*Asks:* 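Sending over a structure as structure tokens; questions will come in a sec.
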Amino acid sequence: QVKLVESGGDSVQVGGSLRLSCAVSGSNCRRCALGWFRQGPGKEREGVAMIDSDDRTTFADFVKGRFTISKDTAKNTLNLQMNSLKPEDTAIYFCAAGRYVADRRRVTEYEYWGQGTQVTVSS
């Protein structure tokens with residue numbers, strides 16, 4: 001079993017920055033693809049940034065140049081650095097892991113999910 005616990009969500013003003021972290025535990029995920037997804041009010045869950053076991057990254061167009069994703073292997077954490085935040089970035093951000101991910105952008109490819117952390121960006 002894999003457990004994911006997000007942290008770092010907060011309320012910030014437009015243009016601000018946040019760093020989200022996800023603690024990954026469990027023995028089933030040594031080669032997992034990992035990703036950050038988000039779900040805004042009244043919206044479907046969508047991919048934000050993903051990284052596979054070979055450290056290849058994928059970013060949604062709406063965060064390119066603003067967000068970066070990284071893994072800290074020693075601490076078993078997945079991080080999302082978010083800069084130049086906009087009101088439309090307001091959402092619950094989820095960490096996810098999948099053992100058999102073919103398309104990193106697809107929500108349904110990920111088996112394990114954290115409980116989410118709230119990010120609110122106000123103008």
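Note that the structure is predicted; figures quoted are calculated from it, not measured.
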*Asks:* Check for me, please, whether V101 and I69 land in the same ILVMFWY cluster - side-chain distances under 4.5 Å, paths through other members count.
*Replies:*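 No, no single cluster joins them.
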*Asks:* About how many Å separate OG1 of T73 and CZ of R30, when rounded to the nearest 0.5 Å?
*Replies:* 13.0 Å
*Asks:* Does the side chain of R19 reach to within under 4.5 Å of the side chain of S70, using non-hydrogen atoms?
*Replies:* yes
*Asks:* With a 4.5 Å cut-off on side-chain heavy atoms, are V12 and S17 touching?
*Replies:*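 No, side chains not in contact.
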*Asks:* Look at the side-chain heavy atoms of Ile, Leu, Val, Met, Phe, Trp and Tyr, link any pair under 4.5 Å apart, and say whether I51 and V24 land in one connected group.
*Replies:* no
*Asks:* Tell me whether Y112 shares a hydrophobic cluster with L80, the cluster being built from Ile, Leu, Val, Met, Phe, Trp, Tyr side chains joined at under 4.5 Å.
*Replies:* no
*Asks:* State, with a plain yes or no, whether a side-chain heavy atom of R66 is found less than 4.5 Å away from one of M82.
*Replies:* no
*Asks:* Picking from R104, R99, R31, what satisfies salt bridge (charged side-chain N to carboxylate O under 4.0 Å, His left out) with D52?
*Replies:* R104
*Asks:* Can you check whether V5's main-chain N or O pairs, donor with acceptor, with Q115's side chain at less than 3.5 Å?
*Replies:* no
*Asks:* May I ask whether L78 and F94 are part of the same hydrophobic cluster, defined by side-chain heavy atoms of I, L, V, M, F, W, Y residues being less than 4.5 angstrom apart, directly or through others?
*Replies:* no
*Asks:* How close do F59 and R105 get, counting heavy atoms only, and between which atoms?
*Replies:*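 In terms of heavy atoms, the two residues are closest at O-NH1, 3.5 Å.
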*Asks:* Let me confirm one number: the CG-OG1 distance from L4 to T77, rounded to the nearest 0.5 Å.
*Replies:* 12.0 Å
*Asks:* Looking at side-chain heavy atoms only, is the closest gap between E88 and F62 below 4.5 Å?
*Replies:* no
*Asks:* Decide if atom CD of Q118 counts as having more than 12 heavy atoms of other residues, nucleotides or ligands within a radius under 6.0 Å.
*Replies:* yes
*Asks:* Are any side-chain N or O atoms of Q1 and backbone N or O atoms of G26, one a donor and one an acceptor, separated by less than 3.5 Å?
*Replies:*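 No; judged by distance alone, with no hydrogens or angles, the pair does not exist.
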*Asks:* Would you check, one step at a time, whether the test side-chain contact (heavy atoms from CB on, under 4.5 Å) holds for K71 with D55?
*Replies:* CA-CA 8 Å; K71 290 189 291 187; D55 291 342; 2.8 Å; yes
*Asks:* For the CH2 atom of W113 and the SG atom of C22, what is their distance to the nearest 0.5 Å?
*Replies:* 11.0 Å
*Asks:* If the plane angle is over 60° it's perpendicular, under 30° parallel, otherwise tilted; pick one for Y110 and F37.
*Replies:* perpendicular
*Asks:* Taking atom OG1 of T57 and atom CZ of F67, what is their separation to the nearest 0.5 Å?
*Replies:* 14.5 Å
*Asks:* For a quick test of reading the model, state the closest non-hydrogen atom pair linking G114 to E6 and the distance between them.
*Replies:*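 Minimum heavy-atom contact is CA-OE2, 3.2 Å.
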*Asks:* To the nearest 0.5 angstrom, please state how far the SG atom of C29 sits from the CG atom of L34.
*Replies:*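 Answer for the SG-CG pair, C29 versus L34, is 6.0 Å.
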*Asks:* Consider only side-chain heavy atoms of I, L, V, M, F, W and Y, link residues closer than 4.5 Å, and tell whether W36 and V107 are in one cluster.
*Replies:* no
*Asks:* Looking only at side chains, do N79 and Q81 share a donor and an acceptor under 3.5 Å apart?
*Replies:* no
*Asks:* Does the distance from a Lys or Arg side-chain N to an Asp or Glu carboxylate O, for K86 and D89, drop under 4.0 Å?
*Replies:* no
